[in-house]
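In what follows, a single structure is set out as structure tokens and then discussed.
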Amino acid sequence: MERIKDVLAREPGVEAGAVRVGGWVRTRRDSKAGFSFVEINDGSCLASLQVVAGRDLPNYERDVLCLSMGSSVAVDGVLVASPGAGQKVELRATAMEVIGRADPETYPLQKKEISYERLREIAHLRPRTNTFGAVLRIRGELAYAVHSFFRERGFICLHSPIITTSDCEGAGAMFRVTTIDPGAPPRRPDGAVDTARDFFGASAYLTVSGQLEAEACACGVGRVYTFGPTFRAENSNTWRHLAEFWMVEPEMAFADLDADAQLAESFIRALACHVLANCGAELEFFRKRVDDGVVKRLESAATKPFDRMTYTEAVERLKASDRKFEYAPEWGGDLQSEHERVLTEICGGAVVVTDFPASIKPFYMRRSEDGRTVAAMDVLAPGIGEIIGGSQREERLDALEQNMRERGMDPANYGWFLDLRRYGTVPHAGFGLGFERMVQFCTGMRNIRDVIPFPRTPGNAEF
Ligand code: 4AD
Ligand code: MG
């Protein structure tokens, strides 16, 4: 079986020889002259292959004339130059086998437009659509580009644990992992559930980030990155939040905030360049059908240096702008998505915001000399807002313990993490890229649920 992508790239004629392809029928048109055009798509590329099947096929009337959208077929044929407009080659079928029929009365995908909302309800069939096929191909290319970017720079790919007993972001929105029977939990003498008798001997959760383990490994082998699923149990029903999303988290020893921001910028630039160079047909599709600004934004990310500003400057710029905000920008408050959008508009592209107030950031970020900000950075991308969050880490034992106590955390529960500061501590830094937000940035897809194969959000874990 050949991929349609490869077949379409071949020159027609005798040397093209016999071809065998498999795919799903998109359309069928019958000519009065006793043959049919059947468009077949196999998802290897956006384009479909036009198959010409005639009455000379023994099963023409029985099978070909009954083909409808979604049926699967295997076709043998000869590749010839196509007289029709729109394609260079077509396949003259010498044999056509119908493998699985799709009843047109009930098959949920039909020729007419279908909303993204409806497609989410049939997430198992949406890989057969143009839009979702293109999303999956770009997502796959991005994953490849992530690994090559880091490998080329000497970063070691790290598989950090999914199950954890520590809360990295300190936001308290984690999914519990337990084998305790909720109907008959083991109890302590005081009546409370005895989590010490749970599977891991302690309360365990799905990780919100691989960072803490990445720090441990970076402080041994220098440069690492994780690329795995992370979980947040927040009840956020927005266009850019998932309960399960994939994060890329590099961590570097002997690095400060500036090195971190430089790595983040080169990383996004490399991903943008890779998609521009390798996904031309998909980008053209998204530009025409989904968001006409997507290619311009990618080209800007690929070529224009990112702006930099401190959080304090960002708040001033927002206050000085004549925009109306739902939440007034105020020093000490989180940057809302409306603020992030305006900042990228002011800068005309991606911007790195640094030096946030300590009070709105997690315990592990390095406290700056001013005492009230930390060496944090967020990269804001046009159309997305925060796409990367990262920081230089607090490498001083006293300062880290102090940060924990200020947040009501007990340093005793983070013994191993503190050991990294107790023994041979070094300045180090890293960040996390939300992989789905990057796929959104590269496709222009408005809702994050449409850039991951099977989204998990509050109330939704079907498929
Ligand atoms: O800013 P966050 O929470 O940072 C961390 O988790 C750090 N431990 C990363 C690090 O320094 N190693 O998350 C990082 C990125 C965000 O910028 C965003 O792109 C994405 O992860 N993200 C989400 N994406 C989808 N759904 C969610 N609920 C997300 N929460 C964060
Ligand atoms: Mg963040």
Side-chain angles (χ1 to χ4, degrees), residues 139 142 146 150 155 158 160 164 166-175 206-218 223-252 255 257 259-261 263-264 267-268 271 311 334-337 339-340 350-354 356-357 360-366 374-381 383-394 417 428-442 445 447-452 455-458 460:
R139 194 180 160 106
L142 278 170
V146 165
F150 287 115
F155 284 74
L158 182 75
S160 51
T164 177
S166 29
D167 178 2
C168 173
E169 293 306 297
M174 300 174 84
F175 290 102
L206 294 179
T207 191
V208 297
S209 160
Q211 178 194 323
L212 304 189
E213 290 86 359
E215 283 190 44
C217 295
R223 295 174 174 199
V224 297
Y225 70 102
T226 71
F227 184 1
T230 49
F231 307 86
R232 310 250 165 133
E234 305 142 14
N235 193 10
S236 309
N237 271 298
T238 81
W239 57 274
R240 59 176 199 172
H241 285 93
L242 289 166
E244 174 180 290
F245 65 99
W246 286 64
M247 196 167 16
V248 182
E249 296 183 271
E251 193 70 33
M252 300 179 279
L257 184 66
D260 203 31
L263 183 74
F267 182 40
I268 290 186
L271 296 183
Y311 166 92
D334 263 323
L335 289 181
Q336 304 293 326
S337 76
H339 303 147
E340 294 173 353
V351 48
V352 188
V353 181
T354 61
F356 286 77
I360 58 169
K361 290 292 184 189
F363 71 96
Y364 53 73
M365 295 189 178
R366 191 179 199 281
V374 284
M377 62 148 196
D378 276 4
V379 180
L380 314 182
I384 302 293
E386 182 191 338
I387 195 162
I388 280 182
S391 73
Q392 184 172 339
R393 317 308 188 189
E394 184 55 80
F417 191 64
H428 59 290
F431 63 77
L433 167 90
F435 189 62
E436 283 74 23
R437 292 192 188 176
M438 190 63 201
V439 183
Q440 286 182 281
F441 184 65
C442 293
M445 294 296 287
N447 196 310
I448 196 165
R449 296 161 202 223
D450 300 327
V451 297
I452 186 163
R456 269 79 178 102
T457 52
N460 289 302

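Start at 1 and go down the list; that is how both ligands and their atoms are numbered.
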Q.
At less than 4.0 angstrom from any non-hydrogen atom of Ser209, what atoms of ligand 1 do you find?
A. 6 (O), 8 (N)
Q. Does Tyr364 approach ligand 1 within less than 4.0 angstrom via side chain, backbone, both or neither, non-hydrogen atoms only?
A. side chain
Q) Heavy atom under 4.0 Å from ligand 1: found in Arg437's side chain, backbone, both, or neither? A) side chain
**Q.** Distance from atom 26 (N) of ligand 1 to nearest protein heavy atom, with residue and atom
**A.** Leu242 N, 2.9 Å
Q.
Return the closest protein heavy atom for atom 1 (O) of ligand 1 as residue, atom name and distance.
A. Glu386 OE2, 3.0 Å
Q. Which protein heavy atom lies closest to atom 12 (N) of ligand 1, and at what distance to 0.1 Å?
A. Glu249 OE2, 2.7 Å
Q. Any donor-acceptor pair under 3.5 Å linking the side chain of Arg437 with the backbone of Ile384?
A. no
(Q) Does either side chain, that of Arg232 or that of Thr230, offer a donor lying less than 3.5 Å from an acceptor on the other one? (A) no
**Q.** Nearest protein heavy atom with distance in Å, relative to atom 11 (O) of ligand 1
**A.** Arg393 NH2, 2.9 Å
Q) If you check every N/O/S atom of Glu386, which is the one nearest the Mg ion (ligand 2)? A) OE2
Q.
For Lys361, is there an ion pair with Asp378 - N to carboxylate O distance below 4.0 angstrom?
A. yes
Q: Check each atom of ligand 1 against the heavy atoms of Arg240 and keep those under 4.0 Å away; list them by number with element.
A: 25 (C), 26 (N)
Q: Number the atoms of ligand 1 from 1 as they appear, then name those within less than 4.0 Å of a heavy atom of Ile388, with their elements.
A: 17 (O)
Q) Quick one: does ligand 1 sit under 4.0 Å from the side chain of His241, the backbone, both or neither, non-hydrogen atoms only? A) both
Q. Which bit of Glu251 is near ligand 1, meaning a heavy atom under 4.0 Å away: side chain, backbone, both or neither?
A. neither
Q.
Please list the nearest protein heavy atom to atom 4 (O) of ligand 1 with its residue and the distance rounded to 0.1 Å.
A. Glu169 OE1, 3.9 Å
Q. Nearest to atom 30 (N) of ligand 1, what protein heavy atom do you find, and at what distance?
A. Phe245 CZ, 3.5 Å
Q.
Can you report which non-hydrogen protein atom sits closest to atom 3 (O) of ligand 1, along with the distance?
A. Arg232 NH1, 2.8 Å
Q: In sequence, state the C-alpha distance, the side-chain angles, and the governing distance for Leu433 and Leu271, and then conclude on side chain to side chain contact (heavy atoms under 4.5 Å, CB included).
A: CA-CA 12 Å; Leu433 167 90; Leu271 296 183; 4.1 Å; yes
Q. Does the distance from a Lys or Arg side-chain N to an Asp or Glu carboxylate O, for Glu436 and Arg240, drop under 4.0 Å?
A. no
**Q.** Sub-4.0 Å heavy-atom approach of Ile448 to ligand 1
**A.** yes
Q.
Give me the nearest non-hydrogen protein atom to atom 19 (O) of ligand 1 as residue plus atom name, then the distance to 0.1 Å.
A. Ile387 O, 2.9 Å
Q. What do we get for Phe431 next to ligand 1 when only non-hydrogen atoms under 4.0 Å count, side chain, backbone, both or neither?
A. backbone
**Q.** Polar proximity ligand 1 side, Leu433 side, N/O cut 3.5 Å exclusive
**A.** no
Q.
For ligand 1 and Glu234, I'd like to know whether there is a polar contact (N/O to N/O, distance under 3.5 Å).
A. no
Q: Under 4.0 Å from a heavy atom of Gly434: give me the atoms of ligand 1 that qualify, with their elements.
A: 15 (C), 19 (O), 20 (C), 21 (O)
Q. If you measure every N/O of Gly390 against every N/O of ligand 1, is any gap under 3.5 Å?
A. no
